[in-house]
Amino acid sequence: MSFKRSKYNILLRVDKKRYILYNSLYGSLITIPNNKIELVRKLLTDNAIIHKETLWNLLKENSFIIAREIDEYKIIADKYDKTIQQSNVLMLQILMNLDCNFSCDYCFEKLTGEYLLGENLQKVQNFLDSRSKEQECANVTWMGGEPLLSWREIEVLSKSLKKFKRFNAKIITNGFLFNDKIIHSLEDNCISGIFITIDGDPHMHNKRRTCKSNEDAYNVIKRNIGKILERFDTNVKITININLDFENLSHVKQMLNDYKTFKNSVNFSISRTVRIDSPELEIPEKHFLNIQSDIYQELTNCKVFNNEMFIPERRPFGCFNECNNGFTITPSAQIYKCISEIEDKKPFGTIDNNGSISTNTNNSFWLKYNLLERNDCKSCNYLPICMGGCPKKISKIECKMNKLRYNNRLKLSI
């Protein structure tokens, strides 16, 4: 049998003693001591090497070396085509309102006070009822504004979503409005994931993410998280996001120390804040990635994180909106393919009284977009874990930064 190296091998130097060899298609990862790296390079490029070499067998067993007849790109392309065209899964982001009980100083949303109610709520119900007869599975993310302001309406729509054979939901919230009634009903409404932003210690969080009722939002949110974990343990996965910039950079450590009490029960995500209001507070992206990596390393050292969670997973697509059945629904019962397009007021379509989508012709981007037509992606060894990234942010700079992000994750995984 004839062999070749995989197209999707990624070789990274960790330090003076070690390298990482990772395959983005098969998910295999091994560490290589510095004194073996030249041999590995030769084994991955020189077909004349005797196949009985022990290290060669290790590379083959982990799919860094594969049979010559395997068409790896076809494996990716077939999976991509099948996923974006699949007809049995509905993927939705539903903006329940454009209102909030917080006034965050860096918020970019246009909060008009609009809610998904009345006739528009009924249209979305009809849409979900109709789709439940055609499709087996629904994956929904409840969003806002602040979606917990619309909890009653979320329960109404969840009744329609339960008509699908499988229904799973996540919610992106500031975490303040959870009460015992909502917490107890999370499972009934199939919510398995909660994303909450906390921006530092109590003083800094309450300054940046000010509650309009002037209450101590930091400690209310922490108490709510404790109640959710007490009731559901890890059956409801909580991810705490930190929006990081120069304003709150020195205030994150105390917050992380507070939340170490929830060890292994919460996940952390460190994001770079885009400060339209105060651009001088933005951390340059390359510098931010180093800071992000240092914070994750500290969390790993404290056993808050398991190293293996940093290993990138293979993705079926760059964004769920690439899929034929991936949509964002607004309070006005309009359909968008990307949440970033809402401000332009060019919807992909509108839900009518019968629950059908009347498609507009003014948004041809998503009708034409296909990752497989991007030649720069075809030759990239990060393709299986990136899948082109955000289709609306295509650029060489963004591509370079994505690779740096993945490299940082890989180095944290060992």
Side-chain angles (χ1 to χ4, degrees), residues 90-102 115-118 121-122 124-125 128-129 132 136-199 202 205-206 209 211-242 255 258-269 304 329 331:
L90 180 65
M91 289 173 278
L92 297 175
Q93 291 178 330
I94 303 181
L95 276 69
M96 297 304 301
N97 58 61
L98 295 175
D99 196 6
C100 193
N101 57 316
F102 277 22
Y115 281 73
L116 181 56
L117 295 168
L121 181 66
Q122 185 62 56
V124 177
Q125 276 186 274
L128 296 174
D129 288 340
S132 69
E136 293 184 1
C137 179
N139 296 321
V140 175
T141 301
W142 304 112
M143 303 175 66
E146 173 46 53
L148 291 181
L149 288 168
S150 299
W151 184 252
R152 187 186 70 82
E153 289 73 32
I154 286 176
E155 292 190 304
V156 168
L157 294 180
S158 292
K159 289 180 182 178
S160 292
L161 286 159
K162 287 181 191 177
K163 295 176 183 178
F164 289 79
K165 289 183 180 179
R166 297 189 305 279
F167 162 44
N168 177 63
K170 296 178 174 61
I171 187 165
I172 300 174
T173 168
N174 59 42
F176 183 85
L177 292 172
F178 281 113
N179 55 38
D180 290 344
K181 182 180 178 182
I182 292 175
I183 291 171
H184 288 182
S185 61
L186 289 172
E187 190 172 33
D188 289 341
N189 291 287
C190 303
I191 293 177
S192 61
I194 301 173
F195 298 83
I196 298 172
T197 295
I198 301 174
D199 271 2
H205 176 83
N206 292 342
R209 299 179 62 78
C211 181
K212 290 178 180 177
S213 60
N214 292 319
E215 294 177 70
D216 180 1
Y218 180 94
N219 284 301
V220 170
I221 296 166
K222 186 182 178 188
R223 185 167 61 247
N224 289 340
I225 290 173
K227 287 181 179 180
I228 294 168
L229 293 174
E230 183 180 358
R231 181 171 179 81
F232 296 105
D233 194 20
T234 56
N235 291 326
V236 173
K237 189 64 180 178
I238 296 176
T239 298
I240 295 172
N241 180 62
I242 304 170
M255 173 255 166
D258 282 354
Y259 277 84
K260 284 173 186 174
T261 57
F262 298 134
K263 186 185 292 188
N264 299 323
S265 298
V266 297
N267 193 10
F268 288 91
S269 174
V304 174
I329 299 176

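All values derive from a computational prediction rather than experimental measurement.
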Nearest atoms (heavy-atom pairs only) where [X] meets [Y]:
X      : Y      : answer
Arg209 : Ala217 : O-CB, 4.4 Å
Leu229 : Ser265 : CD2-O, 3.7 Å
Ile154 : Pro147 : CD1-O, 3.5 Å
Asp199 : His205 : N-ND1, 3.0 Å
Asp129 : Ser160 : OD1-OG, 3.0 Å
Ala169 : Trp142 : CB-NE1, 3.6 Å

Distance check, rounded to the nearest 0.5 Å: [X] atom [atom1] versus [Y] atom [atom2]?
X      : Y      : atom1 : atom2 : value
Phe178 : Leu186 : CZ    : CG    : 5.5 Å
Leu149 : Asn97  : CG    : CG    : 5.5 Å
Ile171 : Trp151 : CD1   : CH2   : 5.5 Å
Cys100 : Phe176 : SG    : CZ    : 11.0 Å
Phe167 : Ser132 : CZ    : OG    : 12.0 Å
Ile329 : Leu116 : CD1   : CG    : 8.0 Å

Could you check whether atom [atom1] of [X] has more than 12 heavy atoms from other residues, nucleotides or ligands sitting under 6.0 Å from it?
X      : atom1 : answer
Glu155 : CD    : yes
Lys165 : NZ    : no
Lys159 : NZ    : no

Residue pair Leu157, Met96: steps toward the side chain to side chain contact (heavy atoms under 4.5 Å, CB included) verdict: CA-CA 10 Å; Leu157 294 180; Met96 297 304 301; 4.0 Å; yes
Verdict with reasoning, Tyr259 to Ile198, per side chain to side chain contact (heavy atoms under 4.5 Å, CB included): CA-CA 11 Å; Tyr259 277 84; Ile198 301 174; 3.0 Å; yes
Side chain to side chain contact (heavy atoms under 4.5 Å, CB included) between Lys222 and Asp258, intermediate numbers included: CA-CA 9 Å; Lys222 186 182 178 188; Asp258 282 354; 3.8 Å; yes
Is there a side-chain contact between [X] and [Y] (heavy atoms, below 4.5 Å)?
X      : Y      : answer
Asn168 : Cys190 : no
Met143 : Ile94  : no
Ile196 : Asn241 : no
Thr239 : Val266 : no
Val220 : Asn224 : yes
Met255 : Ile240 : yes
Leu90  : Cys137 : no
Phe164 : Glu136 : no

Are any side-chain N or O atoms of [X] and backbone N or O atoms of [Y], one a donor and one an acceptor, separated by less than 3.5 Å?
X      : Y      : result
Asn189 : Ile191 : no
Asn206 : Tyr218 : yes
Lys162 : Asp188 : yes

Donor-acceptor pair between Asn174 and Glu146 side chains, under 3.5 angstrom: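 Yes, side-chain donor-acceptor contact under 3.5 Å.
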Side chain to side chain contact (heavy atoms under 4.5 Å, CB included) evaluation trace for Phe195 with Thr141: CA-CA 10 Å; Phe195 298 83; Thr141 301; 5.9 Å; no
